[in-house]
Amino acid sequence: MTPPQASPPGTPASGETLPAVSLRLETLKKRADFQRAARARRVAMTGFILQMYKRPDGDAQGMRVGYTCSKKVGNAVARNRAKRRLREAARLVLTHQGRDGVDYVLIGRRDHTATLPFDKLRADLETALRKLHGPAR
RNA sequence: GCGGAAGGCCGGAUGGCCGCGACGUCGGGCAACCGGUGUCGAGGAAAGUCCGGACUCCAAAAAGUAACGGUGCCGGGUAACGCCCGGGCAGGGCAACCUGACGGAAAGCGCCACAGAAAUGAAACCGCCAACGGAGAGGUCGGGCAACCGAAACCGCCCGCGGGCAAGGGUGAAACGGUGGGGUAAGAGCCCACCGCGCCGCUGGCAACAGCGGCGGCAUGGCAAGCCCCACCGGGAGCAAUGCCAAAUAGGGAUCGCGUGUCGCAAGACAGGGCCGCUUUUGCCCCAGCAGAUCCGGGUUGGCAGCUAGAGCCUGCCGGGCAACCGGCGGGCAAGAGGAAUGGUCAUCGAACCGGAGCGAUUCGGGGAACAGAAUCCGGCUUACAGGCCUUCCGCGCAU
RNA sequence: GCUGCUGUAGCUCAGGGGUAGAGCACUCCCUUGGUAAGGGAGAGGUCCGGAGUUCAAAUCUCCGCAGCAGCA
């Protein structure tokens with residue numbers, strides 16, 4: 001999985017100083033990445049649970065996002081809809097406020113992810129990001 | 001107008017902005033890729049995975065057969081089906097129409113609890129009947145004025161013995177044809193009529209079957225979604241199949257099987273052995289310290305193909321057919337993801353539903369769409385589903 | 001996606017056409033100074049749901065609904 005591409009040792013691996021630059025979103029696909037994020041810091045909101053894993057310095061650059069909607073969320077329609085709304089929220093928020101070198105995982109919740117007003121969902125994501133970015137040091 | 005039956009269709013619409021997936025194309029870049037642009041992008045059930053196929057692998061195929069499984073009125077349609085169409089029969093409905101796992105119980109085995117006399121070649125609990133024997137309280141007969149005594153031909157009762165009968169009773173889901181009449185000691189298909197049943201013949205039909213006639217004289221209780229018999233069909237596994245590339249690990253261990261002939265220098269040939277349950281035929285493999293089978297352990301949880309044009313769907317005309325469907329000519333449509341694309345938002349219009357006004361047509365405000373998301377692909381079935389539209393038909397009521 | 005298996009008392013399971021059972025747990029009583037163990041008595045069921053076959057279905061058949069497992 002993800003062979004290390006050995007970024008130049010001189011590069012400062014801090015994406016934390018450039019929040020205004022819009023970053024490309026890469027989708028998380030490997031099971032191992034999800035499991036690693038699941039052990040990391042998290043914050044729960046009404047519409048979702050956000051997990052954030054800071055990859056070690058020297059790893060590949062770029063921000064990655066994963067989405068998880070298990071069978072607990074509902075049937076196939078509810079799961080897909082929840083995933084799409086999370087994806088749209090991530091596109092609007094994380095491209096501006098996300099950080100480089102970080103894996104985010106958004107987990108859908110039963111009933112709320114698919115029905116919450118989108119503005120609320122988006123605002124919650126911003127709040128959750130502040131909580132995770134703030135005290136983490 | 002009210003109530004109902006059948007078949008078919010739709011199942012939110014239009015537009016703007018920002019995004020997503022696939023393919024094509026243009027530009028930039030050595031390349032990874034980036035940017036622009038065009039086209040296409042969920043369903044009637046995409047679902048359940050219940051049937052049938054295509055396709056792939058198990059080495060391939062044919063014939064027969066055993067076991068196992070499936071189907072089950074008849075005929076047709078189809079690549080095939082447990083599907084569809086038409087017909088028959090049975091049941092339901094006033095009708096339109098609907099429903100039906102609908103072969104065989106006189107090949108065999110098995111089961112039929114409880115109750116009941118008896119649960120299937122009948123038997124006989126209560127009961128019915130005549131004869132015989134007994135008894136002698138009643139009627140009766142004889143005697144006597146009467147109390148009473150006696151008799152046993154008749155009527156009825158009681159007891160006994162061996163017979164005849166199965167109509168009636170009661171039990172049960174079911175009791176060895178039903179109803180009526182004759183008949184008899186009492187009864188009984190014992191006889192007769194009708195109905196049912198069975199057999200035979202004729203007619204109609206490809207057939208299931210129907211109609212008519214004759215005969216039999218009741219023999220044939222139910223269950224085959226119990227075993228079974230008969231007819232027909234079926235090899236197994238599944239796209240996470242399967243093939244290829246790359247990476248990685250210790251090419252590890254255990255069990256089973258063969259242990260090998262003749263000719264030939266050899267190649268090979270012939271025996272022999274093995275290979276989808278078995279047999280046969282064709283075919284393929286083996287002859288070595290090995291190759292084979294099964295299992296355990298270890299590694300990888302990457303990429304590409306399979307992967308979307310096929311018995312395809314829709315439709316116009318013509319032809320065949322009652323129809324399902326088939327044939328011909330023409331037109332149109334047709335997603336291909338892979339942690340898995342259809343989303344977000346705004347505007348306009350909007351069905352159900354809720355509230356107000358009105359006798360009502362209607363109108364004002366609120367509200368903002370059911371079940372549900374392609375995962376190899378087709379044909380069906382089944383299940384879920386707010387609401388709406390169209391066509392045909394039936395019954396009742398009113399008018400003519 | 002594909003393929004299997006299982007649903008019976010609070011829990012673990014029997015029963016495979018004829019009145020629903022066992023063990024543990026629960027309630028009450030006995031025993032003990034008290035508790036456990038032991039003994040006795042008792043309560044507890046839409047047999048996952050709906051149709052069908054049958055006189056009769058937890059059992060046989062069909063259609064659903066849940067839960068669990070396996071397969072790259």
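Below, read A as the first sequence line, B as the second, and so on, with proteins coming before strands; counting in each chain starts at 1.
Because its glycosidic torsion is more than 90° from 0, G38(B) is reported here as anti. Regarding the sugar-base torsion, G187(B) falls in the anti class, its angle being beyond 90° of 0. Look at A42(B): its glycosidic torsion is within 90° of 0, and that puts it in the syn range. An anti base is found at G42(C): its glycosidic angle is more than 90° from 0. Syn is the glycosidic conformation of A309(B), whose angle stays within 90° of 0.
Remark: P of G339(B) and CG of Leu106(A) are 18 Å apart, rounded to the nearest angstrom. Arg84(A) places its CZ atom 15 Å from the P atom of C20(B), with the value rounded to the nearest Å. Residue Lys29(A) contributes atom NZ, which lies 13 Å from atom C1' of G302(B) at whole-angstrom precision. Between the P atom of C346(B) and the CZ atom of Arg122(A) lies a distance of 12 Å, rounded to the nearest Å. Rounded to an integer number of Å, the gap from CZ of Phe118(A) to P of G19(B) is 14 Å. The interatomic distance linking Arg81(A) (CZ) with U345(B) (P) rounds to 8 Å, in whole Å. Here G19(B) presents its P atom at 10 Å from NE2 of His96(A), a figure rounded to the nearest Å. Atom-to-atom, CG of Leu86(A) to C1' of G19(B) comes out at 16 Å; the value is rounded to the nearest Å.
C84(B) sits 45 Å from A219(B) when the C1' atoms are compared, rounded to a whole Å. When the C1' atom is compared between C68(B) and G235(B), the two are found 12 Å apart, to the nearest whole Å. If you take atom C1' in G257(B) and the same atom in G273(B), they sit 12 Å apart, rounded to whole Å. Of the C1' atoms belonging to C55(C) and A79(B), the separation is 48 Å, rounded to the nearest Å. With both ends at atom P, the span from G12(B) to G336(B) equals 23 Å, rounded to whole Å. Here, A101(B) and C63(C) have their P atoms 13 Å apart, quoted to the whole Å. To the nearest whole angstrom, the two C1' atoms, one in C20(B) and one in G379(B), are 34 Å apart. A distance of about 16 Å separates the P atoms of C125(B) and G116(B), rounded to the whole Å.
Contacts of Arg87(A) with the nucleic acid, taken as non-hydrogen atoms under 4.0 Å apart, involve only primed sugar atoms and P, OP1 or OP2. Residue Leu28(A) is in sugar-phosphate contact alone, with no base atom involved, counting any heavy-atom pair closer than 4.0 Å across all strands shown. Across all strands, Thr27(A) comes closer than 4.0 Å only to sugar-phosphate atoms, never to a base (heavy-atom distances). Residue-level contact check: Arg79(A) touches neither bases nor backbone, having no heavy atom under 4.0 Å from any strand.
Residues Ala78(A) and Asp119(A) both approach RNA chain B. Their nearest nucleotides, taken by heavy-atom distance, put Asp119(A) toward the 5′ side.
The backbone N or O of Thr113(A) lies less than 3.5 Å from a partner atom in the side chain of Arg85(A), making a donor-acceptor pair.
Hydrophobic clustering, with ILVMFWY side chains joined whenever heavy atoms are under 4.5 angstrom apart, groups Leu106(A) together with Tyr104(A). Val102(A) and Tyr53(A) fall into different hydrophobic clusters, defined by Ile, Leu, Val, Met, Phe, Trp and Tyr side-chain heavy atoms under 4.5 Å apart, directly or through other members. Linking Ile, Leu, Val, Met, Phe, Trp and Tyr residues whenever their side-chain heavy atoms come within less than 4.5 Å leaves Tyr67(A) and Phe34(A) in two separate clusters. Hydrophobic clustering of Ile, Leu, Val, Met, Phe, Trp and Tyr side chains at less than 4.5 Å, counting indirect connections, keeps Leu28(A) apart from Leu94(A). By the rule that hydrophobic residues join a cluster once side-chain heavy atoms approach within less than 4.5 Å of another member, Val43(A) and Leu125(A) end up as members of one cluster.
With both pairing distances under 3.5 Å, U294(B) is matched to A254(B) as a Watson-Crick or G-U wobble pair. Shown here, C5(C) forms a base pair with G67(C); the pair counts as Watson-Crick or G-U wobble because both key distances fall under 3.5 Å. Searching all strands for a Watson-Crick or G-U wobble partner of G156(B) with both distances below 3.5 Å returns nothing. The partner of A352(B) is absent, by the rule that a Watson-Crick or G-U pair needs both atom distances under 3.5 Å. With a 3.5 Å ceiling on both atom-pair distances, the Watson-Crick or G-U wobble partner of G150(B) is C141(B). In this structure A41(C) sits in a base pair with U27(C), meeting the Watson-Crick or G-U test at under 3.5 Å. Taking a pair to require two hydrogen-bonding distances under 3.5 Å in either a Watson-Crick or a G-U wobble arrangement, C111(B) pairs with G222(B). Judged by Watson-Crick or G-U wobble contacts below 3.5 Å, the nucleotide C68(B) has G234(B) as its partner.
For Asn75(A), counting side-chain heavy atoms from C-beta on, the closest listed nucleotide (U345(B), G373(B), G339(B)) is G373(B). Comparing atom distances between the Glu88(A) side chain and each of A42(B), C18(B), A374(B) picks out C18(B) as nearest.
Lys120(A) NZ to Thr127(A) OG1: the interatomic distance, rounded to the nearest 0.5 Å, is 7.5 Å.
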Distance-only criterion, 3.5 Å: show the donor-acceptor pairs between side-chain atoms of residues 71-84 of chain A and protein atoms not counting sequence neighbours.
residue	atom	partner	partner atom	Å
Asn75(A)	OD1	Val77(A)	N	3.3
Asn75(A)	OD1	Ala78(A)	N	3.1
Arg79(A)	NH1	Gly74(A)	O	3.0

Where along nucleotides 67-72 of chain C does protein come under 4.0 Å, by heavy atom, of base (B) or sugar-phosphate alone (S), with - for untouched nucleotides? ------

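Evaluation of Phe34(A) against the base of G339(B) yields a stacking contact (centre distance < 5.5 Å, interplanar angle < 30°).
When all heavy atoms of Gln97(A) and His133(A) are compared, the pair lying nearest together is O-CE1, 3.4 Å.
Contacts of Ala44(A) classified as side-chain contact (heavy atoms from CB on, under 4.5 Å), with partners at least two apart in sequence or in another chain: Ile49(A), Arg109(A).
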